[in-house]
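Structure, as structure tokens:
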Amino acid sequence: DRDTDKKRIEELLEEKMVLEIAQKQSMNESAHLGWELEQLSKSTDLADTRKSFVFELNECASSRILKLEKDNQSLQNTIQELRDASLTSKESSLKFVELEKENQQLSKKIEKLQNQIEKEKQSNQDLETLSEELIKDKEQLQVVMETLKADKDRQVQ
């Protein structure tokens, strides 16, 4: 029973750490995406901004992958330390219940963050579509302006 409890606690601790890391990453990504959206809306040159935005997102993803690998190694070390540590049966039961509650809370938070990220992704797509439409409108307006200018020049002559 103790071994089973100990293994279960180790699994829950590992899962808790993974969830905490995912939560932090989701929060950081949400904040970063919000900042990038602000920067995108402030920019006057939408095409260049969109290209730099994609580049920054790729850089951010690469950075997150490296960070996740580092965190994974840290988690593996922590798991090994927890395996080495011994807990009494009573402590194990209390810790198990506590971790189970915390795990449920973290799961709910992660789900909320994932929903928020999906909304932000949709918002990004909407902004990109709007950007493309604005570029098309600008081009059409330039054509109309050139036509009007040519007509005006003809009238002046």
Side-chain angles (χ1 to χ4, degrees), residues 7-83 95-157:
K7 287 180 183 177
R8 182 67 181 148
I9 288 172
E10 291 171 0
E11 290 171 4
L12 289 173
L13 286 172
E14 180 179 347
E15 188 174 337
K16 175 189 169 193
M17 286 185 259
V18 169
L19 290 173
E20 287 175 346
I21 289 170
Q23 178 187 9
K24 288 177 185 177
Q25 290 171 346
S26 294
M27 288 172 37
N28 288 339
E29 183 178 345
S30 294
H32 186 70
L33 287 174
W35 177 82
E36 288 179 356
L37 283 173
E38 279 184 22
Q39 297 303 315
L40 180 63
S41 66
K42 291 178 183 178
S43 177
T44 56
D45 189 2
L46 297 173
D48 289 341
T49 302
R50 190 172 70 232
K51 290 176 186 175
S52 67
F53 180 71
V54 170
F55 178 75
E56 286 182 38
L57 284 178
N58 288 338
E59 289 293 320
C60 181
S62 298
S63 166
R64 283 184 46 222
I65 289 170
L66 292 173
K67 184 177 178 184
L68 285 174
E69 290 175 355
K70 184 178 178 183
D71 290 342
N72 186 30
Q73 183 62 36
S74 172
L75 287 173
Q76 288 177 350
N77 291 340
T78 305
I79 290 169
Q80 186 59 42
E81 290 173 9
L82 290 172
R83 286 182 181 148
K95 193 70 171 174
F96 174 77
V97 170
E98 184 180 315
L99 290 173
E100 194 68 34
K101 288 179 183 177
E102 192 171 344
N103 186 23
Q104 289 174 354
Q105 291 172 348
L106 289 172
S107 295
K108 289 177 183 177
K109 287 180 182 179
I110 288 173
E111 185 177 326
K112 287 179 183 178
L113 289 171
Q114 287 174 338
N115 288 337
Q116 184 179 358
I117 288 172
E118 285 301 317
K119 288 178 184 177
E120 288 178 5
K121 284 181 182 177
Q122 182 62 42
S123 177
N124 283 342
Q125 290 176 348
D126 292 345
L127 283 173
E128 188 172 329
T129 302
L130 178 62
S131 170
E132 291 171 358
E133 289 174 4
L134 287 172
I135 289 170
K136 288 178 185 177
D137 289 347
K138 179 183 173 186
E139 291 170 355
Q140 288 175 351
L141 287 173
Q142 285 177 337
V143 169
V144 169
M145 196 167 85
E146 288 173 7
T147 304
L148 289 173
K149 187 176 181 181
D151 288 345
K152 179 185 158 197
D153 288 343
R154 272 188 249 131
Q155 286 177 354
V156 167
Q157 289 178 352

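Keep in mind that this is a model prediction, so the values were computed, not measured.
Proximity of Ser26 to Ile110: side-chain heavy atoms (C-beta onward) are nowhere separated by under 4.5 Å. You'll find the side chain of Gln125 stays beyond 4.5 Å of the side chain of Lys121, heavy atoms only. At least one side-chain heavy atom of Asp151 sits less than 4.5 Å from a side-chain heavy atom of Arg154. In this structure the side chain of Gln23 never reaches within 4.5 angstrom of the side chain of Gln105, judged on heavy atoms. Looking only at side-chain heavy atoms (C-beta outward), Gln140 and Val144 stay at 4.5 Å or farther from each other.
Note that CG of Leu19 and CD of Glu102 are 9.5 Å apart. Values are rounded to the nearest 0.5 Å. In this structure, Met27 CE and Gln116 CD are separated by 9.5 Å, a value rounded to the nearest 0.5 Å. A distance of 11.0 Å separates NZ in Lys136 from OG in Ser131, rounded to the nearest 0.5 Å. Annotation: the span from Ile21 atom CD1 to Leu106 atom CG amounts to 11.5 Å, rounded to 0.5 Å. A distance of 10.5 Å separates CD in Glu98 from CD1 in Ile9, rounded to the nearest 0.5 Å.
With salt bridges taken as basic N to acidic carboxylate O contacts below 4.0 Å, one links Glu100 and Arg8.
Between Leu99 and Lys16, the shortest heavy-atom contact is CD2-CD, 3.6 Å.
For Gln122, the side chain to side chain donor-acceptor pair (under 3.5 Å) criterion is met by Asp126, not counting sequence neighbours. For the side chain to side chain donor-acceptor pair (under 3.5 Å) test, no residue two or more places apart in sequence or in another chain qualifies with Asn115. With sequence neighbours excluded, the residues satisfying side chain to side chain donor-acceptor pair (under 3.5 Å) with Glu15 are Asn103.
A side-chain donor-acceptor contact under 3.5 Å links Thr147 to the backbone of Val143.
Surrounding CD of Gln142 are more than 12 heavy atoms belonging to other residues, nucleotides or ligands, all under 6.0 Å away.
Considering Lys138, Glu133, Glu132, Glu139 as possible partners of Ile135, the one that fulfils the side chain to side chain contact (heavy atoms under 4.5 Å, CB included) test is Glu139.
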